[in-house]
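Here is the structure we will look at, set down as structure tokens.
Remember, predicted model here, so these are calculated numbers, not experimental data. If you read the sequence from its start, that first residue is 1, and numbering goes on from there.
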Amino acid sequence: MKTDLLTKDPLTADLLRADGLTKTYPLPGGGHHRAAADVSFAVPRGGALGIVGESGSGKTTVARMLVGLVRPDEGTIRVAGEPRTARAPRGKAARLARAREIQMVFQDPYISLDPRLTAGQCVRTALRLHGREESRAEALLDQVGLGARETAARPRELSGGQRQRLAIARSLAVDPQVLVLDEAVAALDVSIQAQILRLLDEIRRDTGVALVFVSHDLAVVQHVTDEVLVMRHGRVVEQGPTDGVLSAPEDPYTKLLLASVPGEGWDPAAAVRARAAL
């Protein structure tokens, strides 16, 4: 059973609101694949929503629609009550304003970082582009735990965790209202994951930025989100407060995801039974 997250005033209480997002792709041999179907949710200022599911569930498609990398076939996205246009805006000022609404941090930040720039230059460039004081770069890098040595280093000279911190600092440089993180800690060691998750929790509480955390890892989502949305085959099968959904799931697919997480007393047979029950 779904818990309705959309009972609040959409123009005041919710910083980010998505209604009825749908995306369909044509298949090479004919027919269509519906990657997302009627996906709706809301995130308040300073809130954190997790979108979970296995590969092919549609969670990354939703993330890319939020940022504007994919255009939805149907549905609307609002930030602070204002609709995001389906088409990319024309003109530098409009593009920059749109970028300040929602920023994205990818699983592999290396591909989105300019290898020629040091960490400090990377953040200063983002600040300058958005008309902000470049002197803020040091404070932003310090906020994400990067010191003088890392500030002077180029991406290839940083560890995976340090590159992810840099990507977060660069995103924060534009003062975004929403930060979308697509499997942002999936490739990191557990200890580094914990550091990044604590950092994100501190940032949202200090700045009011809303987080949308896309992940297949339920343990990660449980530690960093207030609400969770479970997707399967492009559809939302369950959503509501994270603690409630993950401690007492109602949908068989959510139960399967939980049964598949190794841990103390884990029974692989329970995951097999959960899969068979779908």
Side-chain angles (χ1 to χ4, degrees), residues 1-6 10 14 16-43 47-79 83-87 102 104-107 178-184 186 210-218 220-222 224-242 244-246 249-261 271 274-278:
M1 185 178 83
K2 297 179 186 178
T3 300
D4 188 3
L5 300 181
L6 306 176
D14 302 323
L16 172 66
R17 182 182 176 94
D19 286 299
L21 295 182
T22 299
K23 183 64 182 180
T24 301
Y25 293 102
L27 295 174
H32 294 83
H33 167 64
R34 180 155 288 190
D38 195 25
V39 177
S40 300
F41 55 84
V43 190
L49 171 74
I51 303 179
V52 301
E54 296 172 302
S55 296
S57 64
K59 59 186 186 297
T60 293
T61 297
V62 172
R64 293 172 72 85
M65 284 193 285
L66 291 177
V67 181
L69 295 176
V70 169
R71 184 184 304 170
D73 298 329
E74 299 176 25
T76 60
I77 299 168
R78 288 179 175 269
V79 178
R84 278 171 70 84
T85 58
R87 296 182 180 275
I102 303 179
M104 189 168 185
V105 178
F106 298 90
Q107 178 177 351
V178 180
L179 193 59
V180 177
L181 303 110
D182 187 7
E183 300 284 9
L211 301 181
V212 177
F213 211 98
V214 178
S215 179
H216 69 282
D217 191 330
L218 294 181
V220 167
V221 169
Q222 188 168 24
V224 79
T225 66
D226 310 311
E227 306 272 346
V228 66
L229 181 153
V230 183
M231 293 189 65
R232 183 187 185 215
H233 299 330
R235 296 187 176 276
V236 177
V237 298
E238 191 164 3
Q239 66 189 97
T242 302
V245 170
L246 298 188
E250 297 184 15
D251 190 86
Y253 181 68
T254 310
K255 295 177 181 179
L256 167 64
L257 294 179
L258 288 165
S260 302
V261 178
R275 177 75 67 179
L278 288 178

Compare all side-chain heavy atoms of [X] with those of [Y] and state whether any distance is below 4.5 angstrom.
X    : Y    : result
V43  : V178 : no
V39  : M65  : no
T76  : P83  : no
H216 : E183 : yes
L69  : M104 : yes

Reported [atom1]-to-[atom2] distance for the pair [X] and [Y], which is rounded to 0.5 angstrom:
X    : Y    : atom1 : atom2 : answer
L66  : F41  : CG    : CZ    : 4.5 Å
D73  : T24  : CG    : OG1   : 5.0 Å
L16  : L49  : CG    : CG    : 8.0 Å
L246 : T254 : CG    : OG1   : 8.0 Å
L181 : Q107 : CG    : CD    : 12.0 Å
K23  : T61  : NZ    : OG1   : 9.0 Å

Can any side-chain N or O of R34 pair as donor or acceptor with the backbone N or O of T22 at less than 3.5 Å?
no
Hey, does the side chain of E238 reach the backbone of E250 with a donor-acceptor pair shorter than 3.5 angstrom?
yes
What residues, two or more places apart in sequence or in another chain, satisfy side-chain hydrogen bond (donor to acceptor under 3.5 Å, both in side chains) together with S215?
none
Using the side-chain hydrogen bond (donor to acceptor under 3.5 Å, both in side chains) criterion, which residues pair with D217? Sequence neighbours excluded.
none
Which atom names give the shortest non-hydrogen contact between [X] and [Y], and what distance separates them?
X    : Y   : result
L229 : S40 : CD1-O, 3.9 Å
R84  : G68 : NH2-N, 4.2 Å
V180 : A63 : CG1-CB, 3.8 Å
G20  : D38 : CA-OD1, 3.2 Å

Say whether Y253 and E54, considering side chains only, have a donor N or O and an acceptor N or O under 3.5 Å apart.
yes
Applying side-chain contact (heavy atoms from CB on, under 4.5 Å) to I102 and V79, what does each step give before you reach the verdict?
CA-CA 8 Å; I102 303 179; V79 178; 3.9 Å; yes
For [X], give me all partners under side-chain contact (heavy atoms from CB on, under 4.5 Å), at least two apart in sequence or on another chain.
X   : answer
H33 : L27, A35
A48 : R204, L211, T225, D226
S57 : K59, M231

Of all residues at least two apart in sequence or in a different chain, which pass the salt bridge (Lys or Arg N to Asp or Glu O under 4.0 Å) check with E74?
none
